[in-house]
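Structure record follows, encoded as structure tokens.
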Number of protein chains: 2
Amino acid sequence: MATSGTRRPGGRTERTRLAVLHATLDLLAERGFSELTVDAVAERSGVHKTTVYRRWSSADGLVAAALQMGAEDDWKAPDTGSLENDLYEVAAEVVRYFTEPALKELPTASVLAAFQSPPAAEALHEFYQDRHVRMAPITERAVARGEVPAGTDGDELVRAVCGPMFYRLFLSREGVTVADARVTARAVALAAREAAFVRDARD
Amino acid sequence: MATSGTRRPGGRTERTRLAVLHATLDLLAERGFSELTVDAVAERSGVHKTTVYRRWSSADGLVAAALQMGAEDDWKAPDTGSLENDLYEVAAEVVRYFTEPALKELPTASVLAAFQSPPAAEALHEFYQDRHVRMAPITERAVARGEVPAGTDGDELVRAVCGPMFYRLFLSREGVTVADARVTARAVALAAREAAFVRDARD
């Protein structure tokens with residue numbers, strides 16, 4: 001029997017939760033974490049502010065819950081048949097997601113929020129942990145195909161191919177395109193073939 | 001003859017400039033860009049606020065000028081005699097600079113300010129451009145020693161070795177140590193030896 005607080009799909013409590021968390025994501029993308037308040041989320045979602053306060057208590061609580069919800073998708077790692085192309089798809093998705101005007105506001109605001117809110121940082125950490133788990137098959141399949149040696153560290157491959165994209169976006173701020181994703185994916189795949197990312201070889 | 005506004009070393013105008021910009025860096029590290037105001041900088045520096053407004057006009061102008069001043073140092077790229085060790089020193093410096101409690105506040109606040117202020121983003125971009133120029137000898141010397149092929153792209157080497165450090169710091173937020181810098185430097189140096197970063201090979 002569904003009681004108050006149960007996440008019954010389609011139930012009133014669940015509809016309230018979705019309304020509040022989607023309003024949080026919208027406001028985060030539009031205004032950033034600095035201007036995110038419980039009152040603004042209540043107003044945008046049409047949910048009474050005492051309900052929002054009772055359940056999420058603060059902007060920190062809202063943004064963490066909203067980022068967790070945002071991670072509950074059915075994203076699957078690419079499976080193109082080659083390590084280089086799988087890595088290219090991963091890096092190119094980073095580029096598109098953080099540069100296309102229609103997409104970039106929310107992911108950029110999420111990275112920024114993690115500087116400003118420890119619960120947001122923890123939610124971002126959990127998001128990337130989950131993504132790493134979902135990307136493990138990229139390396140497992142490359143090992144099975146004989147493209148890279150057994151013991152290749154899939155997490156390091158992800159960091160190696162995504163790191164330079166984020167470096168261009170948020171540190172050197174020099175711009176990034178899918179052509180950069182191609183260059184990096186090629187270099188990382190070549191390095192992986194040459195056993196650069198084998199765990200035991202490096203200790 | 002020094003006139004008003006000239007940057008004569010030791011002169012009153014130069015002392016005022018240094019006082020204001022050092023106060024800006026201190027406040028940026030302590031409070032972040034969101035709370036940086038011309039009034040707070042005037043108070044901290046002991047310089048009259050009309051002087052600060054006249055010369056820098058806004059928090060954006062102050063933070064950009066302060067970050068530019070911060071980049072005017074005598075930093076030189078490491079020269080250890082091997083590509084892997086040079087790259088390790090670069091990556092380990094990123095790790096230390098962004099993780100040691102006594103150091104990390106200002107660089108972290110600078111990265112954050114670049115999200116919030118276009119002039120700060122431009123100053124950060126110029127800082128990294130300048131650092132890339134200063135790091136070019138790392139690759140030039142490795143080519144001269146025969147460690148890596150001619151045509152190896154030094155900028156890509158820097159992105160490849162620093163990117164995963166920043167990915168851990170600001171995206172996956174999983175923590176980073178100099179041991180990670182070692183793993184990454186080894187992988188990038190190996191990949192570079194195998195011609196993974198040669199410009200012509202990739203087009």
Side-chain angles (χ1 to χ4, degrees), chain A residues 32-35 94 108-112 114-116 120-129 131-132 153 155-176 179-180 182-184 186-199 201-203, chain B residues 32-35 94 108-112 114-116 120-129 131-132 153 155-176 179-180 182-184 186-199 201-203:
Chain A
F33 179 75
S34 310
E35 295 181 39
V94 168
T108 305
S110 303
V111 174
L112 174 53
F115 282 82
Q116 300 167 308
E122 180 58 26
L124 195 68
H125 171 63
E126 285 170 12
F127 172 81
Y128 278 92
Q129 272 201 314
R131 284 297 197 255
H132 276 243
D153 184 336
D155 292 332
E156 272 299 293
L157 286 190
V158 172
R159 294 182 196 109
V161 82
C162 295
M165 305 299 110
F166 288 115
Y167 178 84
R168 286 171 170 272
L169 282 162
F170 299 129
L171 280 300
S172 63
R173 291 190 169 262
E174 58 193 309
V176 64
D180 301 315
R182 174 58 69 190
V183 168
T184 299
R186 200 172 290 176
V188 172
L190 190 158
R193 281 199 295 276
E194 301 295 336
F197 299 101
V198 173
R199 268 187 220 91
R202 62 193 199 209
D203 298 313
Chain B
F33 179 74
S34 311
E35 294 181 40
V94 168
T108 305
S110 304
V111 174
L112 173 55
F115 282 82
Q116 301 167 310
E122 179 59 27
L124 195 68
H125 171 64
E126 285 170 11
F127 172 81
Y128 277 92
Q129 272 201 313
R131 283 296 196 258
H132 276 243
D153 184 336
D155 291 333
E156 273 298 294
L157 286 190
V158 172
R159 295 182 196 108
V161 81
C162 294
M165 305 299 111
F166 288 115
Y167 178 84
R168 287 171 169 273
L169 282 163
F170 298 130
L171 281 301
S172 63
R173 290 192 169 260
E174 57 193 309
V176 63
D180 301 314
R182 175 56 70 188
V183 168
T184 299
R186 200 172 292 175
V188 173
L190 191 158
R193 280 198 296 276
E194 301 296 335
F197 298 101
V198 173
R199 268 186 222 91
R202 61 194 197 206
D203 298 315

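Note: hydrogens, waters and symmetry copies are ignored here, and every other heavy atom, side chains too, is used.
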Next item on the list: Against chain B, label Arg168(A) side chain, backbone, both or neither, depending on which of its atoms sit under 4.5 Å from a heavy atom there.
Entry: side chain

Next item on the list: Find the one option among Glu122(A), Arg159(A), His132(A) whose heavy-atom pairs under 4.5 Å with chain B are most numerous.
Entry: Arg159(A)

Margin query: Please classify the contact of Ser34(A) with chain B as side chain, backbone, both or neither, using a heavy-atom distance under 4.5 Å.
Written below: side chain

Item checked: Non-hydrogen atoms of Ala160(A) and Thr184(A) that approach each other most closely -> O-CG2, 3.7 Å

Next item on the list: Sequence neighbours left out, what passes ring pair (Phe, Tyr, Trp, His ring centres under 6.0 Å) with Phe115(A)? Give chain and number order.
Entry: Phe115(B), Phe170(B)

Next item on the list: Classify the ring geometry between Phe166(B) and Tyr167(A) as parallel (under 30°), tilted (30 to 60°) or perpendicular (over 60°).
Entry: tilted

Check: So, are Arg186(B) and Glu156(A) salt-bridged, with charged N and O less than 4.0 Å apart?
Finding: no

Next item on the list: Could you tell me which of Ala191(B), Ala187(B), Ser172(B) has the largest number of non-hydrogen atom pairs under 4.5 Å with chain A?
Entry: Ser172(B)

Check: Residues two or more places apart in sequence or in another chain: which of them pass side-chain hydrogen bond (donor to acceptor under 3.5 Å, both in side chains) with Glu126(A)?
Finding: none

Check: Which one, Arg131(A), Gln129(A), Glu174(A), Met165(A), leads in non-hydrogen pairs under 4.5 Å with chain B?
Finding: Glu174(A)

Checklist line | chain A interface, residue from Val111(B), Leu124(B), Val188(B), Thr108(B) that has the most non-hydrogen pairs under 4.5 Å | finding: Leu124(B)

Margin query: For Gln116(A), which atoms come within 4.5 Å of any heavy atom of chain B: side chain, backbone, both, or neither?
Written below: side chain

Item checked: Heavy-atom closest contact (Ala114(A) atom, Ala121(A) atom, distance) -> O-CB, 3.4 Å

Item checked: Leading residue by heavy atom contact count with chain B [cutoff under 4.5 Å; candidates Leu190(A), Leu171(A), Leu112(A), Asp180(A)] -> Leu171(A)

